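Quick caveat: nothing in here was measured; it's all calculated off a predicted structure.
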Amino acid sequence: MPAPHNPFKAALKNGDTVIGCWLSLGDPLSTEIAGTAGFDWLLIDSEHTPYDITRIRMQLMALHASDSHAVVRVPASETWMIKQVLDAGAQSVLVPMVESAEQAKQLVRDVHFPPNGDRGVGYAGARCSRFGAIKDYGQTADEQISLLVQVENRAGLAALDDILSVDGIDGVFIGPADLAADMGHIGELTHPEVQATIQGAFKKIEAAGKAPGILTLTPEFTQDALDWGGRFVATGLDLLILANALRNLAGTWVPKGSGSAE
């Protein structure tokens, strides 16, 4: 019995475009609800959220029966962190702040078992192999793992050609918020200079045979990203969707000044 098929990896390899959403609330219930919405993929974010591998694992479990594929963003480019999320059952991993080909090469090793990589061989007692029920997991897992690297500053962009030359990377995610800040336009994701830089990076990524990805927060930015060739595009963030919906509801029905402190 081989490792489970990774539809997200297959879609990127086929040149398809997949639409997703960012999950930052961290609650298995909200994650399970998101799994019923119909997105192609959902990103479990552990970089900018206050939770650890236990909560990541709970969210992976919450999405197990969903048609939405789970992608996990680890907090940093650390072998032990990647090992944990893979053992917990993640098949697609996004790594932030990648700035060199050497770093990218190590990440490729991190997601592969020996002799081609450094992933620890403890799968028999882990969720990834259904606790040993998938007998051929060790022999078949590598080909089903999708590695996505995040380029989000000027150092990463300067090294983009070298990063793209590394075999084993399925997609390159451009982080617009950090990129805008590093370019001197913090909070201005739609600044013309930022947008032009993203568009240029997308062209390079696509030309290298890898998939460009991004997180967008407005319909206009989403459409631009798709027009530029974005192949895995997150169209919103659950925390902001909830916050904005609640604020709009309160703004519609709560009288101005009601409940405010004296």
Side-chain angles (χ1 to χ4, degrees), residues 2-20 39-43 69-74 77 82 85-86 90-113 115-119 140-176 178-179 194-216 221-235:
H5 172 68
N6 185 337
F8 179 86
K9 183 182 179 80
L12 296 187
K13 185 177 181 179
N14 290 338
D16 299 334
T17 298
V18 287
I19 302 298
F39 290 103
D40 296 316
W41 59 283
L42 294 166
L43 189 288
H69 181 75
V71 180
V72 175
R73 179 163 73 171
V74 293
S77 179
I82 295 170
V85 299
L86 292 178
Q91 288 188 293
S92 299
V93 179
L94 174 62
V95 183
M97 286 292 178
V98 176
E99 299 178 349
S100 70
E102 290 71 25
Q103 186 182 3
K105 289 175 182 177
Q106 181 56 53
L107 291 172
V108 172
R109 292 192 60 84
D110 290 343
V111 300
H112 287 85
F113 285 123
N116 300 314
D118 300 324
R119 182 181 175 187
T140 59
D142 284 359
E143 62 192 53
Q144 298 301 332
I145 301 299
S146 180
L147 174 62
L148 311 169
V149 300
Q150 191 161 332
V151 172
E152 49 190 330
N153 57 23
R154 287 173 293 176
L157 286 173
L160 183 57
D161 289 336
D162 292 335
I163 293 169
L164 290 171
S165 70
V166 177
D167 291 333
I169 295 172
D170 297 297
V172 178
F173 180 95
I174 301 298
D178 283 286
L179 177 61
V194 176
Q195 296 271 288
T197 300
I198 295 171
Q199 188 174 6
F202 272 27
K203 289 180 180 178
K204 281 190 174 184
I205 297 164
E206 189 69 33
K210 304 185 192 301
I214 199 166
L215 166 63
T216 62
F221 194 1
T222 301
Q223 189 58 60
D224 284 341
L226 293 171
D227 291 343
W228 298 338
R231 297 259 308 285
F232 62 106
V233 178
T235 56

So how far is it from [X] [atom1] to [Y] [atom2], rounded to the nearest 0.5 Å?
| X | Y | atom1 | atom2 | value |
| --- | --- | --- | --- | --- |
| Ile19 | Leu42 | CD1 | CG | 12.0 Å |
| Ile214 | Ile198 | CD1 | CD1 | 4.0 Å |
| Leu148 | Lys210 | CG | NZ | 11.0 Å |
| Ser100 | Gln106 | OG | CD | 10.5 Å |

List the atom of [X], the atom of [Y], and the distance in Å for their closest heavy-atom pair.
| X | Y | answer |
| --- | --- | --- |
| Gly230 | Thr17 | O-CG2, 3.7 Å |
| Gly156 | Val151 | C-CG1, 3.5 Å |
| Ala101 | Ile163 | N-CG1, 4.0 Å |

(message) Whether the side chain of Glu152 engages the backbone of Met97 through a donor-acceptor N/O pair (distance < 3.5 Å, no angle test) should be reported.
(response)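 A pair under 3.5 Å: yes.
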(message) Test your reading of the model: is there a side-chain donor-acceptor pair from Asp40 to the backbone of Gly20, 3.5 Å cut-off?
(response)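 Side chain of Asp40 to backbone of Gly20, a donor-acceptor pair under 3.5 Å: no, none is there.
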Is there side-chain contact between [X] and [Y], with at least one heavy-atom pair below 4.5 Å?
| X | Y | result |
| --- | --- | --- |
| Val111 | Leu107 | no |
| Phe232 | Val71 | no |
| Gln91 | Phe8 | no |
| Thr216 | Asp224 | no |

All side-chain contact (heavy atoms from CB on, under 4.5 Å) counterparts of [X], not counting sequence neighbours:
| X | answer |
| --- | --- |
| Glu143 | none |
| Glu206 | Pro212, Arg231 |
| Ala141 | Ala3, Phe113, Arg119, Tyr137 |

(message) Under the rule for ring pair (Phe, Tyr, Trp, His ring centres under 6.0 Å), what residues qualify as partners of Phe221, not counting sequence neighbours?
(response) none
All side-chain hydrogen bond (donor to acceptor under 3.5 Å, both in side chains) counterparts of [X], not counting sequence neighbours:
| X | result |
| --- | --- |
| Thr235 | none |
| Asn6 | His69, Ser92 |
| Gln199 | none |

(request) Begin with the C-alpha distance, continue with both residues' side-chain angles, and end with the deciding distance and a verdict on side-chain contact (heavy atoms from CB on, under 4.5 Å) for Val95 and Val74. (result) CA-CA 6 Å; Val95 183; Val74 293; 4.1 Å; yes
(request) Could you list all the salt bridge (charged side-chain N to carboxylate O under 4.0 Å, His left out) pairs where at least one residue sits in residues 154-163, not counting sequence neighbours? (result) Arg154-Asp182, Asp161-Lys204
(request) Could you list all the salt bridge (charged side-chain N to carboxylate O under 4.0 Å, His left out) pairs where at least one residue sits in residues 102-112, not counting sequence neighbours? (result)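 Sorted result for residues 102-112: Arg109-Asp118.
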Side-chain atoms of residues 166-174: list all donor-acceptor pairs with protein atoms under 3.5 Å, sequence neighbours left out, distances to 0.1 Å.
| from | atom 1 | to | atom 2 | distance (Å) |
| --- | --- | --- | --- | --- |
| Asp170 | OD1 | Lys9 | NZ | 3.1 |
| Asp170 | OD2 | Lys9 | NZ | 3.1 |
| Asp170 | OD2 | Ser146 | OG | 3.2 |
| Asp170 | OD2 | Leu147 | N | 3.0 |

(request) Output all residues satisfying salt bridge (charged side-chain N to carboxylate O under 4.0 Å, His left out) with Asp16, sequence neighbours left out; order by chain, then residue number. (result) none
(request) Can you tell me which residue pairs pass the ring-ring contact (aromatic ring centres under 6.0 Å, His included) test with a partner in residues 194-214, sequence neighbours excluded? (result) none
